[in-house]
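For reference, the structure is listed below as structure tokens.
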Amino acid sequence: MKIVYLEPKSRFPFLSSDSLYGAIIYALSELFPDKLNDILQMFKNKDEIPFKVSSTFPFLKIDDNKYIRFYPKIIINDPICKDISLLKKFKKIEFIEENIFLNLLNGNYDYGHVLDNIGNEFIINEYNEKFLLTYDSNELLNDGFFSKEINNHNVINRITNESVNIFYSENYRFNDNKGLFFLVDFNDSSSENLFIAALNFLRDRGFGKDISTGNGHFEFIIEDYDMFNKFNKSYSYFVTLSRFIPNKLDLENISKFGNSYYDLGLKRSRDTYGLRKQTRFFKEGSVFPNFANIYGSVVDTSSKSVEIGYAFNIPYNLED
């Protein structure tokens, strides 16, 4: 498994796993057009998936070799808490410091322990209540993480000069030493070479919809990552770090093997061929019973487009 740090050099979007897949496949279509159909067929065959990616999450860079990384809040039943104001703050949390995330996954403690120790062992960041940190790490996050900007766009019919579609995009200005990371799991070294070639292409081109105005530019660092290697793969549950589009068999097994905890999302986008088919997905941080190695599917959303929705599944030691 590898970790990719994206260091924004301009306004930059948070990227969900499906957006990452889309950008990478676009880059591969430009670099290796003769290989594109074969690559897409590999993604559609669960035994040949060249690589899986997570969505992007924030990081804080302490020095050249040290980062504080944040993962999505694990979606599980809210803990019992008599402090209503604290429980309201807990519900706003979106990102959890890696050390807390790993302890939750391993079952070393639960959210009840976290809330019982807010103010001494843990803290909800005062600049952005979306972040849950250890008390020591909070001192390093001495300002806000980023500021959000919403940009409106207007599609004009070139014949009638009328507005035919108004839409909005979100970009973020990241403060110094802060950015986004994602995880990638390769099937083999040849897939890794294709991926890095695509990432170099995107570094030169930019990520997102607003690259023509100078947004979406970045540098990247790719390193080995082994934080999850020692996790017991026989744990009864898993957490997904990506958007997860289940197939029919996934849904049947999810309902059969145990409890699930999740948030649902909807996506319907437009490309050069028109409006694409709407897709439903489970959001990052959702929890499901662990009954296989690979979960998810590739969905045709138009005659020329697909959505890749494989779970980036991490074992979770959750007691029923």
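No hydrogens, no waters, no symmetry mates; every other heavy atom, side chains included, goes into these values. This is a predicted model, so every value here is computed, not measured.
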Member of Phe282, Tyr261, Tyr237 meeting the ring-ring contact (aromatic ring centres under 6.0 Å, His included) criterion with Phe288
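Of Phe282, Tyr261, Tyr237, ring-ring contact (aromatic ring centres under 6.0 Å, His included) with Phe288 is met by Phe282 alone.
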Quick one: do [X] and [Y] end up in the same hydrophobic cluster if we chain Ile, Leu, Val, Met, Phe, Trp and Tyr together by side-chain heavy atoms under 4.5 Å apart?
{"X": "Leu249", "Y": "Phe281", "result": "no"}
{"X": "Ile25", "Y": "Phe32", "result": "yes"}
{"X": "Tyr262", "Y": "Tyr316", "result": "no"}
{"X": "Phe257", "Y": "Leu318", "result": "no"}
{"X": "Val53", "Y": "Val299", "result": "no"}

Once you round to the nearest 0.5 Å, how far does [atom1] of [X] lie from [atom2] of [Y]?
{"X": "Tyr5", "Y": "Glu223", "atom1": "OH", "atom2": "CD", "answer": "5.5 Å"}
{"X": "Ile254", "Y": "Phe244", "atom1": "CD1", "atom2": "CZ", "answer": "4.5 Å"}
{"X": "Ile62", "Y": "Leu60", "atom1": "CD1", "atom2": "CG", "answer": "4.0 Å"}
{"X": "Asp136", "Y": "Ile123", "atom1": "CG", "atom2": "CD1", "answer": "10.5 Å"}
{"X": "Ile196", "Y": "Ile222", "atom1": "CD1", "atom2": "CD1", "answer": "4.5 Å"}
{"X": "Phe312", "Y": "Met1", "atom1": "CZ", "atom2": "CE", "answer": "4.0 Å"}

Measuring only between side-chain heavy atoms, which start at C-beta, is [X] closer than 4.5 Å to [Y]?
{"X": "Pro289", "Y": "Ser260", "answer": "yes"}
{"X": "Phe220", "Y": "Asn200", "answer": "yes"}
{"X": "Glu97", "Y": "Ile68", "answer": "yes"}
{"X": "Tyr111", "Y": "Leu104", "answer": "yes"}
{"X": "Ile24", "Y": "Phe51", "answer": "yes"}

Got a donor-acceptor contact below 3.5 angstrom from the [X] side chain to the [Y] backbone?
{"X": "Asp110", "Y": "His113", "value": "yes"}
{"X": "Thr134", "Y": "Ile100", "value": "no"}
{"X": "Asp250", "Y": "Asn247", "value": "yes"}
{"X": "Glu94", "Y": "Lys130", "value": "no"}
{"X": "Arg203", "Y": "His217", "value": "no"}
{"X": "Ser297", "Y": "Ile245", "value": "yes"}
{"X": "Thr56", "Y": "Leu15", "value": "yes"}
{"X": "Lys91", "Y": "Lys89", "value": "no"}

Report yes if the distance between the aromatic ring centroids of [X] and [Y] is under 6.0 Å, otherwise no.
{"X": "Phe95", "Y": "Phe70", "result": "no"}
{"X": "Phe181", "Y": "Phe59", "result": "no"}
{"X": "Tyr295", "Y": "Phe238", "result": "yes"}

Nearest atoms (heavy-atom pairs only) where [X] meets [Y]:
{"X": "Pro246", "Y": "Leu251", "result": "CG-CD2, 3.6 Å"}
{"X": "Ile124", "Y": "Leu132", "result": "CG1-CD1, 4.1 Å"}
{"X": "Gly216", "Y": "Ser10", "result": "N-OG, 3.2 Å"}
{"X": "Ile96", "Y": "Ile74", "result": "CD1-N, 4.0 Å"}
{"X": "Leu6", "Y": "Phe207", "result": "CD1-CE1, 4.4 Å"}
{"X": "Phe131", "Y": "Leu133", "result": "O-CD1, 3.8 Å"}

Stepwise side chain to side chain contact (heavy atoms under 4.5 Å, CB included) test for Glu284 and Leu241:
CA-CA 5 Å; Glu284 301 88 340; Leu241 299 182; 5.8 Å; no
Note: Glu192-Lys2 ion pair, threshold 4.0 Å (strictly below):
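A salt bridge is present here (some side-chain N lies under 4.0 Å from a carboxylate O).
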Hey, can you tell me if Phe57 and Tyr71 have their rings parallel, tilted or perpendicular (30° and 60° cut-offs)?
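Ring orientation, 0 to 90° scale: tilted.
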Ring-plane angle category for Phe174 and Phe14, please: parallel below 30°, perpendicular beyond 60°, tilted otherwise.
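The arrangement is tilted - the two ring planes meet at 30° to 60°.
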Check: [X]/[Y] side-chain N/O donor and acceptor closer than 3.5 Å:
{"X": "Asp188", "Y": "Ser191", "value": "yes"}
{"X": "Glu307", "Y": "Thr301", "value": "no"}
{"X": "Arg243", "Y": "Tyr21", "value": "no"}
{"X": "Ser16", "Y": "Asp18", "value": "yes"}

Set of residues satisfying ring-ring contact (aromatic ring centres under 6.0 Å, His included) with respect to Tyr225, sequence neighbours excluded
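If we apply the ring-ring contact (aromatic ring centres under 6.0 Å, His included) test to Tyr225, skipping adjacent residues, the hits are Phe228.
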Tell me whether [X] at atom [atom1] has more than 12 heavy atoms from other residues, nucleotides or ligands lying less than 6.0 Å away.
{"X": "Tyr135", "atom1": "OH", "value": "no"}
{"X": "Asn293", "atom1": "CG", "value": "no"}
{"X": "Arg205", "atom1": "CZ", "value": "yes"}
{"X": "Ile80", "atom1": "CD1", "value": "no"}

The criterion is side chain to side chain contact (heavy atoms under 4.5 Å, CB included); which residues satisfy it with Lys88, sequence neighbours excluded?
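With sequence neighbours excluded, Lys88 shows a side chain to side chain contact (heavy atoms under 4.5 Å, CB included) to Ile84, given in chain and number order.
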Full working for side chain to side chain contact (heavy atoms under 4.5 Å, CB included) between Lys61 and Tyr67
CA-CA 4 Å; Lys61 190 173 185 178; Tyr67 297 84; 3.7 Å; yes
Is there a side chain to side chain donor-acceptor pair (under 3.5 Å) between Tyr235 and Asn106? Walk through the geometry before answering.
CA-CA 9 Å; Tyr235 283 165; Asn106 272 316; 3.2 Å; yes
Side chain to side chain donor-acceptor pair (under 3.5 Å) partner of Lys52, the single match among Asp185, Asn313, Asn187:
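The option that passes is Asn313.
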Under 3.5 Å donor-acceptor pairs involving side-chain atoms of residues 34-49, not counting sequence neighbours:
| residue | atom | partner | partner atom | Å |
| --- | --- | --- | --- | --- |
| Asn45 | OD1 | Asp47 | N | 3.0 |
| Lys46 | NZ | Gly296 | O | 3.2 |

